[in-house]
Amino acid sequence: GPVPFHRLIFRRGMKDDLIRASTRYVGAGLAFLFVCITGAMLMVLDFLTSRVLAVSVTAVLAVIFFVLWVVLPIRARVEEDNEQSEP
């Protein structure tokens, strides 16, 4: 996604648009990756174990991914913003 966009707008003074689009592309890619990983884990575990165990392990995995991919980056960004705004 970002590469074709970059090639189309190269040297047109649209750097901010490129950065916003790239951020959206990365977010969408991570969301799809999250769904694929958790879905694959659920499918494999459901085949190998009981459904309750499969759903439980997949839910724990989903929470871990959410914390690592969403909560911690947002927390770091907020802390950085707070440090920059302090005199």
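Here the structure is a predicted model, which is why all the values come from computation and not from measurement.
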*Which heavy atom of Thr58 sits nearest a heavy atom of Leu42, and at what distance?*
OG1-CA, 3.4 Å
*If Ile, Leu, Val, Met, Phe, Trp and Tyr residues are connected whenever their side-chain heavy atoms lie under 4.5 Å apart, and connections chain through other members, are Val35 and Leu30 in the same group?*
yes
*Identify whether Val78 and Val71 are in the same connected component of the hydrophobic contact network (ILVMFWY, side-chain heavy atoms under 4.5 Å).*
yes
_Please report the interatomic distance CE(Met41) to CG(Asp46), rounded to the nearest 0.5 Å._
13.0 Å
*Does the side chain of Leu18 come within less than 4.5 Å of Met14's, by heavy atoms?*
no
*Residues which pass ring pair (Phe, Tyr, Trp, His ring centres under 6.0 Å) with Phe65, listed by chain and number, not counting sequence neighbours*: Trp69
*Is there a path from Leu68 to Val26 through hydrophobic residues (I, L, V, M, F, W, Y) whose side chains come within less than 4.5 Å of each other?*
yes
*Flag side-chain contact, heavy atom, 4.5 Å: Leu61 against Ile37*: yes
*Closest non-hydrogen atom pair between Ala54 and Thr49, with its separation*: N-OG1, 3.9 Å
*Considering non-hydrogen atoms only, spot the tightest contact between Val67 and Pro73 and give its length.*
O-CD, 4.3 Å
*Distance from Asp81 atom CG to Ile74 atom CD1, nearest 0.5 Å?*
11.5 Å
_Tell me whether Val57 shares a hydrophobic cluster with Val63, the cluster being built from Ile, Leu, Val, Met, Phe, Trp, Tyr side chains joined at under 4.5 Å._
yes
_Could you see if Ile64 belongs to whatever hydrophobic cluster contains Val44? Use Ile, Leu, Val, Met, Phe, Trp, Tyr and a side-chain cutoff under 4.5 Å._
no
